[in-house]
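Scroll down for the structure; my scribbles are underneath it.
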Amino acid sequence: MNVNELELLSVLAKEMNMRKAAERLFVTQPALSQRLQSIEKEWGTKIFIRSHKGLTLTPAGEKIIDFANEVLAKEELVREEIQSLESEVHGTLKIACASIVGQNWLPKVLKRFVEKYPHAKISLITGWSSEILKAVYEDQVHIGIIRGTTDWKGEKKFLFRDHLYLVDIEIDHIDDVVKTDRPFIQFKSDSNYYQEIQDWWHRRFQTNPKRVIVVDQIETCKQMALNGIGYAILPEITLHGIGAGMHKIPLKNENNEPIGRDTWLLGYNTAFQLRHVDAFINVIHQYLKGVS
């Protein structure tokens, strides 16, 4: 089987629909059907079962698709390694990034990168830092951008630190949180971040918040605080552009030092040697110098 046939099977498996797959492959449905029959004849088995609902993979088909995707992934890796030797920056830059950074910081860096290297492509996934680590460890991405401290045996580069703030439209002093009946709005995050907040709270107040509202996204948490529903503890990276009517109280430790959250870039040395990965890291360095 050649690469074109593998790509054909991969597209069919993703779309599970002959018409949609034909559109993506820029061929007619009869031509696609004929090519599929030829591939199935070569394998000596049915790969897909057709019905009025679309396509269904056979057990044998599942194994063939796994094989096709594995070969295509290896082929892409080889092409990227070859392109890394050339003068132009090509290839797909695969990034896994903590959601907060992906929403509030990374777009500015990616804008510079795509303007400087228009031939490069970007694949981006976001999630919790624990999920990012897993993606890097399993070689699903070239680099990961995570929050907080972590043990990592590969390459690790410090990016920036942003401080944590208690934000509210009413509370203007940190000790007032133990007096108010207003709810503490928290967002779900990885255990590392949550634990940092819990540790700080108990060191400072030796008690639990009176009322708590838990939401699933940091942006929801921020908007609820901005609309006066309660108070929240948010990283500085999310607070650019908030109105003057919102109080921002920095969190400080027992030594009266601001409490911050570090952001790191990490990956394996083999990925950092790729030209498009190295180019992206250089863009980051240039961006950080410009905003420091």
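This is a predicted model, so every value here is computed, not measured.
Ser129 places a side-chain N or O within 3.5 Å of a backbone atom of Arg147 that can act as its donor or acceptor partner. Under the 3.5 Å distance criterion, the side-chain polar atoms of Trp264 are left unmatched by any main-chain donor or acceptor of Lys156. Although no hydrogens or angles enter the test, the distance criterion places no donor-acceptor pair under 3.5 Å between the side chain of Gln34 and the main chain of Ala31. Looking at Trp201, its side chain does come within 3.5 Å of a backbone N or O of Thr207 through a donor-acceptor pair. Between the side chain of Asn253 and the backbone N or O of Asn255, at least one donor-acceptor pair lies under 3.5 Å. Side-chain atoms of Asn227 come within 3.5 Å of backbone N or O of Gln223 as a donor-acceptor pair. Between the side chain of Thr58 and the main chain of Lys46, a donor-acceptor pair closer than 3.5 Å is present. Glu5 places a side-chain N or O within 3.5 Å of a backbone atom of Asn2 that can act as its donor or acceptor partner. Remark: the backbone N or O of Arg203 is not paired with any side-chain donor or acceptor of Trp200 at under 3.5 angstrom. At least one donor-acceptor pair closer than 3.5 Å links the side chain of Glu236 to the backbone N or O of His163.
With salt bridges taken as basic N to acidic carboxylate O contacts below 4.0 Å, none links Asp162 and Arg261. We find that Lys94 and Glu76 are joined by a salt bridge, their nearest charged nitrogen and carboxylate oxygen being less than 4.0 Å apart. Comment: Asp176 engages Lys179 in a salt bridge, judged by a side-chain N to carboxylate O separation of less than 4.0 angstrom. The pair Glu15-Arg24 counts as a salt bridge, with a side-chain nitrogen and a carboxylate oxygen less than 4.0 angstrom apart. Look at Asp168 and Arg182 and you find a salt bridge, because one of the NZ, NE, NH1 or NH2 atoms lies within 4.0 Å of a carboxylate O, short of that distance.
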Next item on the list: Could you walk me through whether Glu138 and Gln140 pass side chain to side chain donor-acceptor pair (under 3.5 Å), step by step?
Entry: CA-CA 6 Å; Glu138 295 179 350; Gln140 298 174 18; 2.7 Å; yes
Margin query: Apply side chain to side chain donor-acceptor pair (under 3.5 Å) to residues Thr56 and Arg50 and explain how you reach the verdict.
Written below: CA-CA 6 Å; Thr56 303; Arg50 297 193 204 185; over 6 Å; no
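The minimum heavy-atom distance linking Val136 with Ile143 is given by the pair CG2-C, 4.0 Å. Shortest non-hydrogen contact noted between Ile65 and Ala13 is CG2-CB, 3.7 Å. Across all their heavy atoms, Gly267 and Phe272 have their closest contact at N-CZ, 3.8 Å. Residues Val277 and Ala271 come closest through the heavy atom pair CB-O, 3.3 Å. Taking each heavy atom of His202 and Asn208 in turn, the nearest pair found is CE1-OD1, 2.8 Å. Between His142 and Thr92, the closest heavy-atom pair is CE1-O, 2.9 Å.
The number of heavy-atom neighbours closer than 6.0 Å to NZ of Lys121, taken from other residues, nucleotides and ligands shown, is 12 or below. Environment of NZ in Lys210: crowded, with over 12 heavy atoms of neighbouring residues, nucleotides or ligands closer than 6.0 Å.
In summary, the aromatic rings of His173 and His247 are positioned with their centroids too far apart to meet the 6.0 Å limit.
No chain of hydrophobic side-chain contacts below 4.5 Å, direct or via other Ile, Leu, Val, Met, Phe, Trp or Tyr residues, connects Ile100 to Leu133. At a threshold of 4.5 Å between side-chain heavy atoms, the hydrophobic network of Ile, Leu, Val, Met, Phe, Trp and Tyr places Ile174 and Phe184 in one connected group. With hydrophobic clusters built from ILVMFWY side chains whose heavy atoms lie under 4.5 angstrom apart, Ile259 shares a cluster with Leu166.
Counting heavy atoms from C-beta on, the side chains of Arg79 and Lys74 never come closer than 4.5 Å.
Considering Leu234, Thr238, Leu239, Ile249 in turn, Leu239 is the only one that fulfils the side chain to side chain contact (heavy atoms under 4.5 Å, CB included) rule with Tyr165.
With values rounded to the nearest 0.5 angstrom, Ile47 atom CD1 is found 4.0 Å from Ile64 atom CD1.
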